[in-house]
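Note that this is a predicted model, so its numbers are computed, not measured.
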Amino acid sequence: MAADYKRFLAENVINEHRIVTYRLLSRALKVHCTLAKQMLYEFYRSENAKRLQSVHATYLITGIQWPMEEPANQTNDSRNGEDEVMQSSPFMSSMPQPDDAEPSVRTTSMILVREEDMPKARATFKSILSIHIYSLQSTVLQDLNVLTDVGREMRVTYGHEDPLEYGKQCGITQNKNVMRRSGSWQPPPRPASRAAQEAPPKLGAVKQGSKREPSLESKKGKEGEPADTRSASQQSTSRSLAKPTGKNVPSKREKSDLFKSFAKAKPRQVKQESNAPAASEEESAKEGEFPLFEFIFDDDDNDEDASEEREDLFLDTGERKNSKNTESRREREEKLKKMMEDDDDEMPDVSTAPDGPQDESPPPPPPEKQAELKEEITSHGGRRRGRRQVMKKKTIKDEEGYLVTIQEPMWESFSEDEPVPPPKKKPAISVPAAKGKKTGQGNIKSFFSKK
Amino acid sequence: MPLPDTQAELAASFTKFLTVAIHQIIYLRSVYPRVTFLPVRAYDFPLRQSRHPKVCEYIRDVVAAVETEILKGTVAAAYVIVTSISSNQPMERFAFDLSEFPRVAEEDLCTTFEERGLATALSAVDMEAQFRACLSRLTSACERLAPLPADDEFGFTVCIEVREDALPPAGTTKAEANWIIADPGRVNLQSRSAPSSLSKAKDGKQQQQQPSPRIPSEKAKTVPVRRVEAGELRFEVWVEEARQKFENPPGS
């Protein structure tokens with residue numbers, strides 16, 4: 001080890017005329033930074049003993065400087081002469097009352113100086129806490145700025161290493177409580193299922209709604225699969241509601257549980273998380289032909305809060321991976337099911353008994369919800385149009401800072417194709433209604449749904 | 001930055017580099033007071049740029065004229081010469097050898113180069129890295145040069161050396177009259193090929209005619225800087241120091 005560093009430094013500093021900082025040395029030789037500083041000093045001493053001025057150094061002085069009497073004077077002392085351009089009126093004006101206004105704050109300064117400027121720099125310090133060599137180079141450094149290039153080189157060469165691992169080796173200051181998550185992040189089924197219900201009102205994609213409605217019928221036959229049971233239950237729950245907000249009642253119940261489990265995490269983030277996978281799940285569950293990723297991107301486009309959903313990196317990346325693989329719908333659903341069952345954080349009633357409680361809980365509230373909400377429907381020409389009172393979900397922050405979701409009835413207009421399945425198990429109608437602000441959207445939806 | 005794949009783009013990227021290099025050279029040699037230079041970044045490298053508008057304008061004009069000549073295919077090399085004002089002698093010469101630059105007919109200036117299949121799989125990052133390395137070497141090479149005499153004023157000029165078979169840019173139009181023929185004494189540290197070089201008149205003034213014998217080799221030291229190869233863009237950079245720098249005391 002001892003010979004290595006001398007050889008390394010001889011090669012780099014003397015032969016190749018590179019600048020070597022202690023950080024670069026510590027990463028190259030995988031030694032602690034403090035040891036690197038000592039190596040630099042030793043090399044500097046030995047080389048200059050052999051031949052004077054063969055190696056030059058810059059130093060880092062840490063300490064408490066004398067208080068600035070006159071700003072104009074002090075700037076030049078500890079810096080290179082080139083920075084005189086900095087002493088201009090802005091600097092003066094930023095320090096109107098140097099010491100009079102308030103008791104001076106004890107400021108520890110770290111100054112980078114060339115060895116030529118060392119005596120002057122040391123004179124500016126009231127007390128010096130430490131001095132160590134910052135870098136070595138073969139020539140006199142005229143511009144301190146070139147040291148930044150060493151940082152860039154370091155970042156390029158060593159930037160990919162995991163700081164948590166080599167941090168200890170190199171002496172990086174680290175918070176002991178920091179841990180890296182291991183394994184891939186699995187989206188919990190609870191937010192997934194809830195999101196399935198929340199997705200319609202949250203996401204602006206009107207496509208989703210009307211698409212779902214006709215496609216639901218076609219998919220109905222396919223729901224015998226076990227892989228579908230979960231999504232089926234989601235679908236059934238979603239279908240069972242005449243209004244999208246109907247889903248919100250069971251979802252709300254589940255959501256509050258989720259909020260408890262994610263109490264430390266941001267509730268909003270969870271909600272967003274749940275939306276993204278829900279949307280994608282539903283789409284994957286329902287429309288096998290329609291590529292998944294289109295919906296995600298559409299959602300991002302349509303939704304003003306797209307940024308929030310993008311924050312949710314875990315889920316989004318997971319979903320996009322799924323979509324880009326363009327798996328068949330069945331594989332997707334199996335994956336979903338697997339994901340949901342793998343997750344530990346879930347409420348027991350959701351993960352272990354996916355179907356039962358879900359089937360039971362949603363239907364009772366939906367009819368009740370349905371009864372409360374009014375509709376004005378006209379239908380002619382094979383198209384139901386009208387205004388409907390819809391339960392809309394609003395998330396607001398109450399006094400304590402909690403995000404609270406409340407439901408309010410609002411009037412929305414909708415338009416959808418006949419025949420509308422009357423059974424309450426098919427609230428797909430409500431989905432477009434919730435989001436469908438424009439009646440024209442129904443036409444476009446039907447276009448896509450014909451696939 | 002996108003890859004230069006036409007001659008026009010090649011010339012443009014070289015001229016950008018030349019601009020940056022000239023600013024850095026005049027900073028490093030303290031041709032003008034160092035306080036007049038602003039720290040900037042180019043190619044992700046810390047550099048200095050002069051803040052004086054006249055200097056910037058001059059450099060811009062010079063480099064534009066060089067680019068015109070490059071596109072015509074006449075340039076063999078470009079030199080940045082630091083001269084002592086008092087003695088009118090060149091002190092140092094920074095050479096950018098462009099003899100390997102591709103030469104292209106005028107109608108093909110915007111035609112993309114054919115894939116040579118050699119090592120032309122070049123990414124834009126490589127070119128930037130090459131430029132960066134060149135500038136970094138330039139900086140360290142300048143530090144190894146003997147310092148210029150402190151009590152003298154210096155100026156700089158930019159010369160181009162014309163290939164043997166090319167016509168020198170002389171003419172009557174305003175654009176072509178940018179270049180004037182340099183006298184050998186002022187610029188020839190070591191003439192690469194033809195005895196006559198051309199130098200851009202600073203501020204449009206005529207250079208002082210100074211009769212001087214042709215000294216066979218006036219250069220005292222050459223410090224290589226770097227050879228840059230970025231696809232079709234190939235040039236070498238080195239620094240020459242004139243013997244006058246070491247011999248003549250200022251004011252002689």
Taking atom CZ as the centre, does Arg122(A) end up with more than 12 heavy-atom neighbours from other residues, nucleotides or ligands that are less than 6.0 angstrom away? no
Should we count CZ of Arg27(A) as having more than 12 external heavy atoms under 6.0 Å? yes
In sequence, state the C-alpha distance, the side-chain angles, and the governing distance for Arg132(B) and Asp149(A), and then conclude on side-chain contact (heavy atoms from CB on, under 4.5 Å). CA-CA 9 Å; Arg132(B) 195 168 44 226; Asp149(A) 195 48; 3.9 Å; yes
Hey, is CD on Glu153(B) packed in by over 12 heavy atoms from elsewhere, all under 6.0 Å? no
Tyr158(A), OH: over 12 other non-hydrogen atoms inside 6.0 angstrom: yes
By a 4.5 Å heavy-atom criterion (distance strictly below it), what part of Val146(A) contacts chain B: side chain, backbone, both, or neither? both
Around atom CZ of Arg29(B), are there more than 12 heavy atoms from other residues, nucleotides or ligands closer than 6.0 Å? yes
Atom pair CZ (Arg48(B)) and CG (Asn145(A)), whose distance is rounded to the nearest 0.5 Å: 5.0 Å
Rounded to the nearest 0.5 Å, the SG atom of Cys142(B) sits from the CG atom of Asp143(A) at a distance of 12.0 Å
Hey, what do you get for NE2 (His17(A)) to OG1 (Thr139(B)), rounding to the nearest 0.5 Å? 13.5 Å
At their closest point, which heavy atom of Arg144(B) faces which heavy atom of Thr139(A), and how far apart are they? CG-CG2, 3.7 Å
Checking Glu153(A) against chain B: side chain, backbone, both or neither under 4.5 Å from a heavy atom? neither
Between Gln137(A) and Glu143(B), is there a side-chain heavy-atom distance shorter than 4.5 Å? no
Within this structure, what is the OG-CD1 distance for the pair Ser136(B) and Ile19(A), rounded to the nearest 0.5 Å? 7.0 Å
Output for pair (Arg152(A) CZ, Phe45(B) CZ), nearest 0.5 Å, gives 8.5 Å
Give a yes-or-no answer on whether the side chains of Arg41(B) and Thr148(A) include a donor-acceptor pair shorter than 3.5 Å. yes
